[in-house]
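Down below is the structure, laid out as structure tokens.
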Amino acid sequence: MSVLRPLDKLPGLNTATILLVGTEDALLQQLADSMLKEDCASELKVHLAKSLPLPSSVNRPRIDLIVFVVNLHSKYSLQNTEESLRHVDASFFLGKVCFLATGAGRESHCSIHRHTVVKLAHTYQSPLLYCDLEVEGFRATMAQRLVRVLQICAGHVPGVSALNLLSLLRSSEGPSLEDL
Amino acid sequence: MDETVAEFIKRTILKIPMNELTTILKAWDFLSENQLQTVNFRQRKESVVQHLIHLCEEKRASISDAALLDIIYMQFHQHQKVWEVFQMSKGPGEDVDLFDMKQFKNSFKKILQRALKNVTVSFRETEENAVWIRIAWGTQYTKPNQYKPTYVVYYSQTPYAFTSSSMLRRNTPLLGQALTIASKHHQIVKMDLRSRYLDSLKAIVFKQYNQTFETHNSTTPLQERSLGLDINMDSRIIHENIVEKERVQRITQETFGDYPQPQLEFAQYKLETKFKSGLNGSILAEREEPLRCLIKFSSPHLLEALKSLAPAGIADAPLSPLLTCIPNKRMNYFKIRDK
């Protein structure tokens, strides 16, 4: 069974690779385009996948950050994410995974409760970001954020590591899940 | 000219949008070229309508002329009604007679008139051996209501008739009877198929929807076409699941074909099943009566929407056969019961 491991390959020179996992290809493609428009000192590579495990026959670079895109309008999207998570090695969850929930803006179309994704992110100890990827402005902002996080996870920002970032993000979280 | 006829013609003409007015009036062929030339169509609509009514009065329009205008209006505005499909069948061992349009029309009219006394029946033949029938219903004691007619489109070389869903449901059995007898059939059955788009219903019923048209892009490899890749696509974006995408495209194409889908707005599923549960002693499982549930899918173009579900990543391919069988089974209203 092929499991993604964070450190099983050597990094490429000045390269940072992000893997976007989600069922809706159009959304992933748009996010990828937005990310690549950003000015970035590192060379960016974006891999798009519908689900994990990834096909093993391909020669791919080391993956620095995995973003699971969950569409709150679609239970199928959540189910796909949950199944894909099983193919990620535990050490990835030390700051190199994050969850992105899209579609929260259209409340009436949401079939997944916000609490469900909050709980999912909490279980995997990873940050949860919200962004309506269909809206160009929000998407551009999120793309910026992801590029910065990616650079940190690839080790291109001196003095900050993925684990540092993770603990920074966690300490600024609101009340714990039990209080909700 | 009768006041009611004048009023009816006036209301019908008022419904017609200005840009269609001359076309419809020409198709009606009741007012002569000379008469139409005297009308200034650039005036306000009310003035145009008044002038037209005046011309109709000169020519002494009757209710059947008015009914014909109404049929033509409906032929141009088919989408305003929801159409249902009836299928007729001959009895076992009956011969296929040659269809006689005149005999059919006479017989149809006679049956309705004998039953109801007050009824307006009008016919208009079109190509493809089809006849449009308009029926304004009355009773033994009341005059026909011209504002709530039923329209029937009967394809004489086939056992199918399409009717506009009428509010006056009590006349449906009589209509069915008249159609069956006049067309020399034995039985009539309503199909579970309904839509506003008469052309799509025709395509489904006569199985004409699966015509593939030659396109210029047929030489483009499947991969590029299906992924919608831009030739200048960024090489920094890598799609990991190309194999999976191709599989989905292939399955979608096998299920739905390359041709445009017929247009339907609804699919409705009525479930009547007993609750099945793995747990023992569940309250719902102990119910004697089946649970009833209604699921309705609606969309401006349902079949195209279903076709795009898997490629868009919203559902897994293959889709449930309950959804994909709609054009094949010629149904969009389903009743699902326990076996």
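So that the names make sense, note that chain A is the first sequence line, chain B the second, and so on, each numbered from 1.
- Of all the heavy atoms in A/Y130 and A/M142, the pair that sits closest is O-CE, 3.7 Å.
- A/A162 and A/C153 make their closest contact through CB-SG, 4.0 Å (heavy atoms, listed as atom of the first residue, atom of the second, distance).
- Of all the heavy atoms in A/L120 and A/T81, the pair that sits closest is CD2-CG2, 4.4 Å.
- For a heavy-atom cut-off of 4.5 Å, chain B lies close to A/L36, A/L44, A/K45 in residues 34-45 of chain A.
- With 3.5 Å as the limit, one finds no donor-acceptor pair spanning the side chains of A/Y76 and A/N71.
- Side chains of B/R250 and B/Q253: no donor on one and acceptor on the other come within 3.5 Å.
- For the pair B/R194 and B/Y333, the cation-pi test (distance below 6.0 Å, angle within 45°) is passed.
- Counting heavy atoms from C-beta outward, A/N80 and A/L78 have side chains that stay 4.5 Å or more apart.
- Looking at B/N241, its side chain does come within 3.5 Å of a backbone N or O of A/K50 through a donor-acceptor pair.
- A side-chain donor-acceptor contact under 3.5 Å links B/W83 to the backbone of B/Q78.
- Heavy-atom distances place both the backbone and the side chain of A/A49 under 4.5 Å from chain B.
- No donor-acceptor pair closer than 3.5 Å links the side chain of A/H73 to the backbone N or O of A/H109.
- Residues of residues 261-273 of chain B having a heavy atom under 4.5 Å from any heavy atom of chain A: none.
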